[in-house]
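Worksheet for the structure shown next.
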Amino acid sequence: YSTISLSPAQSRLSHYRAHYRSLCQLPMFQLTATPARALADEPVHIRATGLAPLQIVTLVASMKDEKGYVYQSKAFYRANEVGELDLTQAPSYGGDYVGVHPMGLFWSLKPKKPFRRLLKHDVMNSPFWVTLNLYDSVSLQVSTTDQPRASQMVQRWFSGPGVQRVQIREGRVRGALFLPPGDGPFPGILDLFGGRGGLVEFRASLLATRGFAVLALAYFGYEDLPEKLEEIDLEYFEEAANLLLAHPKIQPPKIGVISVCKSVEIALAMACFLKLVGATICINGANAIYEFPLRYKDLVITPSPTFLERLQVDVIGALRLRHYKGDARNELNPKSVLPIEKAEGPILFIVGESDECLNSREYAEQALEQLRSHGRSNGRMLVYRGAGHLIEPPYTPLCYASPHEKHSDIVLWGGDPVGHATAQEHSWGEIQKFFREHLTQTRSKL
């Protein structure tokens with residue numbers, strides 16, 4: 001036999017061809033997220049193809065908020081027998097959640113800096129950009145130098161096409177009015193947040209995308225409004241409600257109010273004393289006036305006492321406020337309990353059983369009993385096991401604890417990620433159904 005010697009150039013060429021053939025035999029990983037551009041309350045269908053049969057992979061979601069803080073989540077999955085992965089069917093075996101949760105990568109996002117709450121401020125001009133990365137093994141710690149085998153970028157928008165934002169500075173009223181596309185008229189809603197102050201718009205903009213005209217109302221800590229909340233002037237909220245109802249695109253004769261935490265007291269007072277309120281939603285709030293007096297014309301409701309000695313400190317060092325406010329019916333000032341039997345419209349109480357900020361279930365049950373004792377049946381309660389205090393639109397990450405706006409202490413909000421996510425998804429549909437049922441006269445308008 002004879003020996004054939006290859007030149008160095010021929011040897012390199014042979015090596016490159018062999019390497020190319022081996023690359024062609026590797027699976028071509030592909031990661032898809034549909035739709036890649038969606039509203040923040042819409043689900044995304046995530047799939048991976050080109051994997052080896054039964055291969056273990058890591059899926060990582062990451063994003064930055066508007067201040068540059070990083071949020072990240074991860075889950076470990078196994079491909080099926082043909083090398084495909086569909087998050088609507090496949091369970092996560094570990095990571096930030098376990099089981100079949102198609103949107104788990106979104107609602108399990110956690111801040112790299114502890115105790116951050118993910119909030120969208122600019123709801124009209126930019127989305128949250130979420131990067132989905134696939135790694136072909138179990139990756140407990142993913143660094144910036146690790147190269148994913150496949151990636152996909154997803155946009156999460158907080159307003160839909162055609163939604164208008166109108167800055168409101170009329171009389172004393174400060175806020176932002178969100179109008180759906182079209183001539184209307186639309187059901188009108190006043191959107192109130194709690195003790196953080198300022199102007200919070202993300203819920204209003206999403207509800208406007210769903211066909212409601214929503215006024216996100218600031219009532220302290222914004223522009224020329226009082227810097228701190230020292231009393232509740234119900235006439236300010238009456239002025240805002242009248243302004244909303246007078247808009248030509250608002251469907252008369254009444255408006256709805258949605259509230260959370262401290263603003264529940266305001267919403268219930270509006271339902272009691274203002275005839276133009278036709279439907280009220282209370283998310284994890286009290287049935288009495290606490291901390292600050294409420295004034296309406298000649299009426300003054302003095303607050304029920306609070307008890308600093310009932311504050312508790314959680315294992316992570318956060319303050320548990322659950323028992324801080326006590327039970328107004330059994331304390332020193334029972335007149336602070338709101339007379340909700342005077343409310344003409346329906347009231348929906350949304351309650352998280354794992355709320356660590358307020359004993360919100362007890363307050364809602366007291367309110368319902370108060371209605372029944374006066375022969376009224378216009379109250380209803382939805383209770384969600386595992387849900388914490390901050391029940392927000394679907395797929396919003398759970399904020400278990402964060403700094404209080406008034407001081408630097410970390411406040412415990414509570415909730416477990418799976419139960420909280422389930423509550424947000426279900427309650428969002430119930431909120432829209434409730435307002436459509438009680439505010440819409442001609443359903444074809446929606």
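As the structure is a prediction and not an experimental result, all values here were calculated from the model.
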Pair [X]-[Y], side-chain donor/acceptor within less than 3.5 Å:
{"X": "Glu425", "Y": "Tyr395", "answer": "yes"}
{"X": "Ser360", "Y": "Asp355", "answer": "yes"}
{"X": "Asp86", "Y": "His45", "answer": "yes"}
{"X": "Lys74", "Y": "Ser108", "answer": "no"}
{"X": "Gln370", "Y": "Gln366", "answer": "no"}
{"X": "Glu430", "Y": "Trp428", "answer": "no"}

Original post:
Does any pair with a residue in residues 370-389 pass ring pair (Phe, Tyr, Trp, His ring centres under 6.0 Å), and if so which ones, sequence neighbours excluded?
Top reply: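 Ring pair (Phe, Tyr, Trp, His ring centres under 6.0 Å) check on residues 370-389 returns Tyr384-His426, His389-Trp413.
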**OP:** Give the minimum heavy-atom separation between Ala218 and Tyr236, together with the two atoms involved.
**Re:**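 So the two residues come closest at O-OH, 2.6 Å.
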Check whether [Y] forms a cation-pi arrangement with [X] (NZ or CZ under 6.0 Å from the six-membered ring centre, at most 45° off the ring normal).
{"X": "Arg196", "Y": "Phe220", "result": "no"}
{"X": "Arg116", "Y": "Tyr69", "result": "yes"}
{"X": "Arg78", "Y": "Tyr93", "result": "yes"}
{"X": "Lys325", "Y": "Phe307", "result": "no"}

Subject >> salt bridge (Lys or Arg N to Asp or Glu O under 4.0 Å) partners of Glu238, counting only residues at least two apart >> reply: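 Glu238 satisfies salt bridge (Lys or Arg N to Asp or Glu O under 4.0 Å) with no residue once adjacent residues are dropped.
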Original post:
Is it true that atom CD of Glu223 has more than 12 heavy atoms of other residues, nucleotides or ligands lying nearer than 6.0 Å?
Top reply: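 Above 12, so yes.
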Subject >> Heavy atoms from other residues, nucleotides or ligands near CZ of Arg372 exceed 12 (cutoff 6.0 Å) >> reply: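 Atom CZ in Arg372 is packed in, count exceeds 12.
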**OP:** Before giving the answer on salt bridge (Lys or Arg N to Asp or Glu O under 4.0 Å), spell out for Glu392 and Arg203 the whole-Å C-alpha distance, their side-chain angles and the decisive distance to 0.1 Å.
**Re:** CA-CA 8 Å; Glu392 298 183 331; Arg203 186 168 62 194; over 6 Å; no
Original post:
Please walk me through it: do Arg210 and Glu42 pass salt bridge (Lys or Arg N to Asp or Glu O under 4.0 Å)?
Top reply: CA-CA 11 Å; Arg210 301 303 172 198; Glu42 291 178 338; 3.6 Å; yes
